[in-house]
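No experiment lies behind these values; they were computed from the predicted model shown.
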Amino acid sequence: MSPIIEVAIGMIFVFSLLSILVTQINSLIMNLLNLRAAQLKEGLTDLVVDKELQAKVLAHPLIRMVEASVRPSDSLTPDQANDIITSKPRNVTYIEPSTFVEALVSLLATGGGNAFFDLIEQGIEALPDDDQKYKLRELLRDVQGFGNTDTREIRQAILAIPDENHKQILVYALDEAEKDLGRAASSSGDMIPLLQGIRQIKDRAFQDALKTILITAKSLNETRSKLESWFNDGMSRATELYKRKLQIISLVVGFILALILNADSIQLLRAFWEDPILRESVAATARATAAQTQAEAGAAGQGQVNPNAPTGEISDDLERTLQQLLDLQLPIGWEFTPITPEMIAAAESAGLSNPQGNLRNAWNLIPGNSPDWAGNLLRKLVGIVVTMIAVAQGAPFWFDLLRRITGGNSSSQAAPVVNVTTAPQPAPIVNVTTTIPEPQAVVTRFGADILMPDDEV
């Protein structure tokens, strides 16, 4: 195989392993800080901006985003609502859209009260006890619940009252109720409790937003469908925001990881090009791994990092991946060796490179220790940044590229793997058979899929 191809395979394989480490570290961070639940809570509060309703949604028994317990009919002070909103979220990473809609509708209906129908209720109670009075009571009760009765049926029953005084009082009361509810109230009786609740929302901007969403709804089922679409749209925005945060976290983690391991892309590229034993060893392991993951993908699917796995399990996986990276005997890691004039002279007499150009030696990066310390520091920083950007692309990207270059063929013959040392002669050959899991980037989609597909990383 061409040395250039082997160098490319080696670099891609190293980026794959480092990407796995970044994904696993991200999973640990998200588990420890409960970031998915925090983002879901933030998405809900961005969606429902009325503070009292916001607190009740978070504490609703169907949602349970926080530990607080609030009855839908309770009236909350601003301080009480704020305490609930700012409380620590529970480990809830997914809410079914229909569940959210049921919680919201129940809260709106409960908070609506019967103020709009007080005059009608008083007028009905003033009627003599007869069948018309009982019929009007039933119709009003049905309107105040999620029944099928609408205000037109109540109007017909009122117009059938023989007493003109009672009739005029009830017609006036009904006109006022319909005026308060709006024209949509007469289109479907089962929406009246919801419309009452919307009119009671204190935040006018949020009230207007809900009215805009529901203005064309003709029934409660259509209302639920529109609210679900509104919820999914809001959760999609929360997902995109979460993905951007995760990308930033990946860049930061990638930089810190590359810095700690001294995974300098320029240094690795040079080592692969100059050391054919190392190059062939890593390329052989990469081809074997590509064939293994291809076989697993064709059978039971690619190995993936489960973001909901226990923290201890993720820690164990991280430790195994790190060990697999170290087993490749790459020129990574730091050393600190003061360079003396005698060492420089000895290297020159032996025809070796100047030890002051060794970028693994942190001593050469300290100002004044090397004539070209500034250049060394700049080259090191560029190499680390290149690694950071590469690993932030995600392991699926690099594994897919690796399979394309290697052909992803399980019949590929792996070349012997050699442990590289500083001795002139290569160490004994070791066959590497470890399986490297190919993880999926950890991205939560709230109110929809928990994990995003690989092509959305």
Please test Asp203 against Gln207 for side-chain hydrogen bond (donor to acceptor under 3.5 Å, both in side chains), starting from the C-alpha separation and ending with a verdict. CA-CA 6 Å; Asp203 189 292; Gln207 183 187 110; over 6 Å; no
side-chain hydrogen bond (donor to acceptor under 3.5 Å, both in side chains) between Lys380 and Asn262, worked out: CA-CA 9 Å; Lys380 175 60 64 177; Asn262 190 19; 2.6 Å; yes
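A salt bridge links Lys243 with Glu240: at least one charged nitrogen is closer than 4.0 Å to a carboxylate oxygen. A salt bridge does not link Asp50 to Lys202: none of the charged side-chain nitrogens sits closer than 4.0 Å to a carboxylate oxygen. A salt bridge links Lys245 with Glu42: the closest approach of a Lys/Arg side-chain nitrogen to an acidic carboxylate oxygen falls below 4.0 angstrom. At a threshold of 4.0 Å, the pair Arg71-Asp74 counts as salt-bridged, since one of the basic side-chain nitrogens sits closer than that to a carboxylate oxygen. Comment: Glu138 does not engage Lys135 in a salt bridge, judged by the lack of any side-chain N to carboxylate O separation of less than 4.0 angstrom. The pair Asp233-Arg237 meets the salt-bridge criterion, since a charged nitrogen lies less than 4.0 angstrom from a carboxylate oxygen. Using a 4.0 Å cut-off between charged side-chain N and carboxylate O, Asp400 and Arg404 make a salt bridge. With respect to Arg224 and Glu228, no salt bridge is recorded, no charged nitrogen being found less than 4.0 Å from a carboxylate O.
Proximity of Trp230 to Leu227: side-chain heavy atoms (C-beta onward) are separated by under 4.5 Å at one or more points. Here the side chains of Leu170 and Leu136 are in contact, with some heavy-atom distance below 4.5 Å. Between Tyr242 and Arg36, the closest side-chain pair of non-hydrogen atoms falls below 4.5 Å. By the 4.5 Å heavy-atom criterion applied to side chains, Gln393 and Ser19 are not counted as neighbours. By the 4.5 Å heavy-atom criterion applied to side chains, Val14 and Leu268 are counted as neighbours. Using a 4.5 Å heavy-atom cutoff, the side chains of Leu257 and Thr387 are not in contact. Counting heavy atoms from C-beta outward, Leu325 and Leu261 have side chains that approach closer than 4.5 Å. In this structure, Ile63 and Leu58 have side chains that are not in contact, with every pair of non-hydrogen atoms separated by 4.5 Å or more.
Considering Val252, Leu17, Val253 in turn, Val253 is the only one that fulfils the side chain to side chain contact (heavy atoms under 4.5 Å, CB included) rule with Val22. Of the residues Lys133, Gln132, Arg137, the one that meets the side chain to side chain contact (heavy atoms under 4.5 Å, CB included) test with Leu127 is Lys133.
Taking every heavy atom of both residues into account, Met235 and Leu44 meet most closely at CE-N, 4.0 Å. Between Trp334 and Leu259, the shortest heavy-atom contact is NE1-O, 2.7 Å. Considering every non-hydrogen atom in both Ala290 and Thr406, the closest pair reads CB-OG1, 3.4 Å. Between Ala157 and Leu139, the shortest heavy-atom distance links the atoms CB-CD1, 3.8 Å. Taking all atoms of both residues into account, the shortest heavy-atom contact from Ala286 to Ile9 is CB-CG2, 3.4 Å.
The aromatic rings of Phe15 and Trp398 sit tilted relative to each other, their planes meeting at an angle between 30° and 60°.
With rounding to the nearest 0.5 angstrom, the CG atom of Asn91 is 9.0 Å from the CE atom of Met65. A distance of 10.5 Å separates OG1 in Thr239 from CZ in Arg244, rounded to the nearest 0.5 Å. The structure places CG of Asp327 at 9.5 Å from CG of Leu322, a figure rounded to the nearest 0.5 Å.
A donor-acceptor distance shorter than 3.5 angstrom exists from the side chain of Thr285 to the backbone of Ser281, with no hydrogens or angles considered.
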